[in-house]
> 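Have a look at this one.
Small disclaimer: the values here were computed from a predicted structure and weren't measured.
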Amino acid sequence: GASFFDIEECRDKSSPYDFMLPSESHFADYVGGLGISNDTHVVVYDGDEVGTFYAPRAWWMFRAFGHKEVSVLNGGFKNWVKEGHRVTAEVTEPTPAVFKARLNRALVKTFEEMVQNVSSLKFQVVDSRPEGRFRGTELDQGLESGHIPGAVNIPFHSFLSETGHEKSIEEIQEIFREKKVDLSKPLTATCRKGVTACQIALAAFLCGKRDVAVYDGSWSEWFHRAPPHYKVSELKRSK
């Protein structure tokens, strides 16, 4: 009975950056075509080997467009199969529904807001990319890497257990504490394309923090638009 949510289709295709949020009308038409109305409880999952990779992005998109009845399947498809639950190759043909989308701008940060925050420090920034890409010591999918000044690095897989399930709330809280991230204060997540950043938002949500914003453009936009001194890289310092 599952429908396929394609983040390659449900995005702003006019943007030069990957996976930017679509317009309200685009999102409403797309998910309405999947048979989803404003009264539908949506459960998202993906088939990635780590357990959960893309699903939090879809979860966050629904929440960003005002839909609160949305969950992530803990452990993803690989654990669904491992536990012996039913699967099918049949393609679902959902009955179209009417979905009304209203963007909650508090859950999305723009490039301009991120630039202002470098000096104002109004909110904390957590980057979910691997440590090497955050530090600037390895290429980030073809781009020079590094990070936004003041950002803290918590690789997204830190929140996943070896089986691909979310770690316990106590473990997640301890991860944030170790990185000196205060969940009682404003927080924005970033990554390479705005996908794994949503894992930060999901982890904080499980701890009761429901207002984590995502910098939608993330490093792919920051790298191309930010001035050089706003791109922190150990590689540059060593040259």
> Is there a donor-acceptor pair under 3.5 Å between the side chain of Glu113 and the backbone N or O of Thr110?
yes

> For Arg192, does its backbone N or O pair with a side-chain atom of Ser220 as donor and acceptor, under 3.5 Å?
yes

> Would Ile36 end up clustered with Trp59 when hydrophobic side chains under 4.5 Å apart are linked, directly or stepwise?
yes

> Leu139, Phe223: one ILVMFWY side-chain cluster at the under-4.5 Å cut-off?
no

> Tell me, do Thr52 and Asp48 make a side-chain contact under 4.5 Å, heavy atoms counted?
no

> Kindly say whether Pro186 contributes a backbone atom to a donor-acceptor pair with the side chain of Gln124 at under 3.5 angstrom?
yes

> Between Ser161 and Glu166, is a side-chain contact (heavy atoms from CB on, under 4.5 Å) present by the stated rule, with each step listed?
CA-CA 6 Å; Ser161 69; Glu166 294 290 325; over 6 Å; no

> Any side-chain heavy atom of Lys167 within less than 4.5 Å of one from Leu160?
no

> Report yes if the distance between the aromatic ring centroids of Tyr30 and Phe99 is under 6.0 Å, otherwise no.
no

> Using the rule that Ile, Leu, Val, Met, Phe, Trp and Tyr join whenever any side-chain heavy atoms are under 4.5 Å apart, tell me whether Val98 and Val42 fall into a single cluster.
no

> Taking atom types as modelled, find out whether Ser184 and Asp182 have a side-chain donor-acceptor pair closer than 3.5 angstrom.
yes

> Is a side-chain donor or acceptor of Thr92 paired with a backbone partner of Ala2 at a separation under 3.5 angstrom?
yes

> How long is the gap from CG on Asp140 to CD on Glu138, to the nearest 0.5 Å?
8.0 Å

> Mind running side-chain contact (heavy atoms from CB on, under 4.5 Å) on Thr188 and Val212 for me, showing each step along the way?
CA-CA 6 Å; Thr188 295; Val212 174; 6.0 Å; no

> Is a donor on one side and an acceptor on the other found under 3.5 Å between the side chain of Asp46 and the backbone of Ala55?
yes

> Does Asp12 reach the side chain of Leu21, with side-chain heavy atoms less than 4.5 Å apart?
no

> How about Trp80 and Tyr45: are their ring centres within less than 6.0 Å of each other?
no

> Would you say Lys109's side chain and Val214's backbone share a donor-acceptor pair under 3.5 angstrom?
no

> According to the salt bridge (charged side-chain N to carboxylate O under 4.0 Å, His left out) rule, which pairs have a member within residues 195-223, sequence neighbours left out?
Arg57-Asp216, Lys209-Asp211, Glu221-Arg225

> Indicate, with yes or no, if Val72 and Ile7 share a hydrophobic cluster defined by side-chain heavy-atom contacts under 4.5 Å among Ile, Leu, Val, Met, Phe, Trp and Tyr.
yes

> Could you tell me if the side chain of Val31 sits less than 4.5 Å from the side chain of Phe5, heavy atoms only?
yes

> In a check of side chain to side chain contact (heavy atoms under 4.5 Å, CB included) between Cys198 and each of Phe205, Phe156, Trp60, which one passes?
Trp60

> Heavy-atom distance under 4.5 Å between the side chains of Tyr230 and Val115, does that happen here?
yes

> Go through the steps for Met61 and Val70 under the test side-chain contact (heavy atoms from CB on, under 4.5 Å), then give the verdict.
CA-CA 10 Å; Met61 288 174 73; Val70 57; over 6 Å; no

> Does CD belonging to Glu131 count more than 12 external heavy atoms closer than 6.0 Å?
no

> Quick check with a 6.0 Å cut-off and a 45 degree axis cone: is Arg129 positioned over the face of Trp219's six-membered ring?
yes

> When you measure from the side chain of Arg11 to the backbone N and O of Glu8, does any donor-acceptor pair fall under 3.5 Å?
yes

> State, with a plain yes or no, whether a side-chain heavy atom of Asp127 is found less than 4.5 Å away from one of Val152.
no

> Between His147 and Lys231, is any pair of side-chain heavy atoms under 4.5 Å apart?
no

> If you count every heavy atom of other residues, nucleotides or ligands that lies below 6.0 Å from Glu112 atom CD, does the total exceed 12?
yes

> When rounded to the nearest 0.5 angstrom, what distance separates CG in Leu235 from CZ in Arg135?
10.5 Å

> Using a 3.5 Å distance criterion without hydrogens, assess whether the side chain of Ser128 forms a donor-acceptor pair with backbone atoms of Ile200.
no

> With hydrophobic residues grouped by side-chain heavy-atom distances under 4.5 Å, do Trp222 and Val195 end up in a single group?
no

> Is Asn153 close to Pro155 at the side-chain level, that is, under 4.5 Å between some pair of heavy atoms?
yes

> Closest heavy-atom contact between Cys10 and His26?
CA-NE2, 4.1 Å

> Is it the case that the side chain of Asn117 and the backbone of Lys122 share a donor-acceptor pair, with hydrogens and angles ignored and the cut-off at 3.5 Å?
yes

> Does Lys100 make a cation-pi contact with Phe65 (under 6.0 Å, within 45 degrees of the axis)?
no

> Step by step, work out the side-chain contact (heavy atoms from CB on, under 4.5 Å) result for Asn104 and Arg63.
CA-CA 8 Å; Asn104 179 358; Arg63 294 189 62 248; over 6 Å; no

> Within 45 degrees of the ring normal and closer than 6.0 Å to the centroid, is that where the cationic atom of Lys193 sits relative to Tyr17?
no

> Taking ring-ring contact (aromatic ring centres under 6.0 Å, His included) as the definition, give me every residue that meets it alongside Phe176, ordered by chain and number, with sequence neighbours left out.
Phe159

> Please indicate whether Arg177 has more than 12 foreign heavy atoms, meaning atoms of other residues, nucleotides or ligands, lying under 6.0 Å from its CZ.
yes

> Could you walk me through whether Phe27 and Phe62 pass the ring-ring contact (aromatic ring centres under 6.0 Å, His included) check?
CA-CA 9 Å; Phe27 185 83; Phe62 274 104; 5.3 Å; yes

> Counting N and O atoms only, with roles assigned by atom type, does the side chain of Glu171 sit under 3.5 Å from a partner on the main chain of Ser168, one being a donor and the other an acceptor?
yes

